[in-house]
Each structure stands twice: as C-alpha cells, then as structure tokens.
K.L.:
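Following this message is one structure expressed as structure tokens.
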Amino acid sequence: MGFLDNIKRAPSTGGSGGSGSYMKLEQGENKVRIVGTLDDGGFITGMIGWGEDDEGNRKPFRWQVDETQPRSFKDKPKEFFAFKVYNYATESVQVLEVTQRSIKDELVNLGNDEEWGDFRKYDIAIIRNGEGMDTQYAVTPKPHKKMTEEQRKMILGKEVDLSALYRGEDPFAEAEPEVEEQAGEEEEPF
C-alpha cells in the first residue's frame, strides 16, 4: 500500500513565504522534509479559488475536492496540496502549499512508490527555474535519513491544523503544546 493511496485528487483537465509560517518556493533548490501525513492532518488536498472578501480584499477560498465550490470565481479554481514541512533554509516548520501539477504528480509518484513511500523518512528538493509562465519545477528525493534530535523536537512541538485552511483560518492559531515523550510511544519516522 502506498503512502498516498487514500488521497483525493481533482479530475485532470489539462493545462506560497520564505520567512514566517508559509514557505515560498525560491529560485534554485528548496530542500524540505514533509513531516505531516493525511492521517495527522499535516497533509491536505483540495481546491483553491481566489476572490474578494466582504471588505474587497483578495483572498483564497479553499474546499475539499468532493465538496461543492463555495462561490464563483473569475479564474478557474486549481487543485492544491498543503503540507507541514521542515524548511532547511529557514530551519523552521512551515506550511508549503503547491498548485503546480508537475510537483503534485511527482509527490504522488514518490508517495506511492514502494522504495520511497513515507515522506517523513527522506528529504525532497524542489528546484525552481524561471519566472512567470516560464517557470519550471523538478522534484528530487534525497537518500533516506533520520533528522537530528533538535529538528525532531521542533517538528513535534509545532502544532499545525491544516483543516483551518478550508475555513479561511490560520493553521498555526492553536497554542504550542509542550513536547513530552512518553515511555512506550512509537518513535517518529523522521
């Protein structure tokens, strides 16, 4: 069974900040460890459309793939993946949201590959080249390896509720829990 066997994808029809809580893919290599899963709410999929809120501000509206679109949009909504990542460049836990089909397709391929599977066990380099409509992406998995104890504690100590994105809320809004490892607990894969 693949790591992403239960993922809901939008039907194929053809054709996010470097600092703070949200990661933006920069030019060149962006090295991350995806540390969230579908089961723990740290990896979600859905649809995103851009519109205006009641005050006239441009904002994203997100919903699950099998839900009805909440409103009409000027531009066609896109499928998105959002996941909790450890960003090596900022040495922090962030949310990375991708709408680029090439990245999503490669993640599904890796997640369902018998030799790669669980993203929490290896790093991924997302290489960005170009600007605007000429931007291209490549996804490269790195060899399996454990993270440092410091990185592991940071990841376990950072609560992220990605379902908040569906409600237009901040996934980091909850208070940070204190990390306590209990005897007999299964070791995290990262």
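Note that the numbering runs from 1 along the sequence shown for the chain.
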K.L.:
Taking atom types as modelled and ignoring hydrogens, do the side chains of Gln94 and Asn87 form a donor-acceptor contact shorter than 3.5 angstrom?
P.N.:
yes

K.L.:
Between the main-chain N or O of Ile103 and the side-chain N or O of Glu106, is there a donor-acceptor pair closer than 3.5 Å?
P.N.:
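Side chain of Glu106 to backbone of Ile103, a donor-acceptor pair under 3.5 Å: no, none is there.
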
K.L.:
Evaluate Glu79 against Thr99 for side chain to side chain contact (heavy atoms under 4.5 Å, CB included), listing each step before the verdict.
P.N.:
CA-CA 6 Å; Glu79 177 187 45; Thr99 58; over 6 Å; no

K.L.:
For Glu169, is there an ion pair with Arg167 - N to carboxylate O distance below 4.0 angstrom?
P.N.:
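Salt bridge present between Arg167 and Glu169.
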
K.L.:
Going through the checks in order, is the side chain to side chain contact (heavy atoms under 4.5 Å, CB included) test met by Thr37 and Arg120?
P.N.:
CA-CA 8 Å; Thr37 69; Arg120 298 171 297 171; 3.4 Å; yes

K.L.:
Output every pair passing ring-ring contact (aromatic ring centres under 6.0 Å, His included) with a member in residues 141-171, not counting sequence neighbours, ordered by first then second residue.
P.N.:
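Found Trp116-His144, Tyr122-His144.
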
K.L.:
So, taking the atom named OG in Ser102 and the one named CD in Gln136, what distance separates them when rounded to the nearest 0.5 Å?
P.N.:
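So the OG of Ser102 and the CD of Gln136 are separated by 8.5 Å.
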
K.L.:
Measure across Phe119 and Leu107 and return the closest heavy-atom pair with its distance rounded to 0.1 Å.
P.N.:
CZ-O, 3.2 Å

K.L.:
Can you name the nearest heavy-atom pair linking Val35 to Asp40, along with the distance?
P.N.:
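Looking at all heavy atoms of both residues, the shortest contact is O-OD2, 4.2 Å.
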
K.L.:
Does any part of the side chain of Lys78, heavy atoms only, come nearer than 4.5 Å to the side chain of Lys104, both counted from C-beta?
P.N.:
no

K.L.:
Just by modelled atom types, is the Tyr86 backbone N or O under 3.5 Å from a matching donor or acceptor in the Lys158 side chain?
P.N.:
no

K.L.:
Is there a side-chain contact between Phe83 and Val98, using heavy atoms and a 4.5 Å cut-off?
P.N.:
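Yes. Closest side-chain heavy atoms under 4.5 Å.
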
K.L.:
When you compare the side chain of Ile34 with that of Lys84, does any pair of heavy atoms fall below 4.5 Å?
P.N.:
no

K.L.:
Rounded to the nearest 0.5 Å, how far apart are CG of Leu110 and OG1 of Thr140?
P.N.:
9.0 Å

K.L.:
Quick one: does Glu97's side chain have a donor or acceptor within less than 3.5 Å of a partner on Phe80's backbone?
P.N.:
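No; judged by distance alone, with no hydrogens or angles, the pair does not exist.
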
K.L.:
Roughly how far, to the nearest 0.5 Å, is CZ of Arg71 from CH2 of Trp63?
P.N.:
10.0 Å

K.L.:
If the condition is salt bridge (charged side-chain N to carboxylate O under 4.0 Å, His left out), which residues does Lys74 pass it with, not counting sequence neighbours?
P.N.:
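Partners of Lys74 by the salt bridge (charged side-chain N to carboxylate O under 4.0 Å, His left out) criterion come out as none, since no residue qualifies.
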
K.L.:
Would Lys59 count as a cation-pi partner of Phe61, with NZ or CZ less than 6.0 Å from the six-membered ring centre and within 45° of the ring normal?
P.N.:
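Judged by the rule (NZ or CZ under 6.0 Å from the ring centre, within 45° of its axis), Lys59 counts as positioned above Phe61.
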
K.L.:
At what distance, to the nearest 0.5 angstrom, does CG of Asn30 lie from CG of Leu25?
P.N.:
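Going from the CG atom of Asn30 to the CG atom of Leu25 covers 5.0 Å.
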
K.L.:
I need the minimum non-hydrogen distance between Met154 and Ser92, along with the two atoms involved.
P.N.:
SD-CA, 3.8 Å

K.L.:
For Ser163 and Asp161, test the side chains for any donor-to-acceptor distance below 3.5 angstrom and give the result as yes or no.
P.N.:
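Looking only at side-chain atoms, Asp161 and Ser163 do form a donor-acceptor pair, the distance falling under 3.5 Å.
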
K.L.:
If you compare all heavy atoms of Pro171 against all heavy atoms of Val95, which two are closest, and at what distance to 0.1 Å?
P.N.:
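The pair with the smallest heavy-atom distance is CG-CG2, 4.4 Å.
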
K.L.:
Closest approach of Met23 and Leu96, non-hydrogen atoms and distance?
P.N.:
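Distance-wise, the nearest heavy atoms are O-CD1, 3.6 Å.
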
K.L.:
If the plane angle is over 60° it's perpendicular, under 30° parallel, otherwise tilted; pick one for Phe81 and Phe43.
P.N.:
tilted

K.L.:
For residues Arg33 and Met147, report the shortest heavy-atom separation together with the two atoms involved.
P.N.:
NH1-CG, 3.5 Å

K.L.:
Starting at CD of Glu26, measure out to CD1 of Ile127 and round the result to the nearest 0.5 Å.
P.N.:
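Output value for this atom pair is 14.0 Å.
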
K.L.:
Name every donor-acceptor pair, under 3.5 Å, that has one atom in a side chain of residues 47-55 and the other anywhere in the protein, sequence neighbours excluded.
P.N.:
| from | atom 1 | to | atom 2 | distance (Å) |
| --- | --- | --- | --- | --- |
| Asp53 | OD1 | Glu55 | N | 3.0 |
| Asp53 | OD1 | Gly56 | N | 3.1 |
| Asp53 | OD1 | Asn57 | N | 2.8 |

K.L.:
Rounded at 0.5 Å granularity, tell me how far CG in Asp123 sits from NZ in Lys31.
P.N.:
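Reported to 0.5 Å precision, the distance equals 4.5 Å.
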
K.L.:
Under a 4.0 Å threshold between the charged nitrogen and the carboxylate oxygen, would Lys146 count as salt-bridged to Glu149?
P.N.:
no

K.L.:
If we ignore angles and hydrogens, is there a donor and acceptor under 3.5 Å between the side chains of Gln151 and Glu91?
P.N.:
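No, no side-chain donor-acceptor pair sits under 3.5 Å.
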
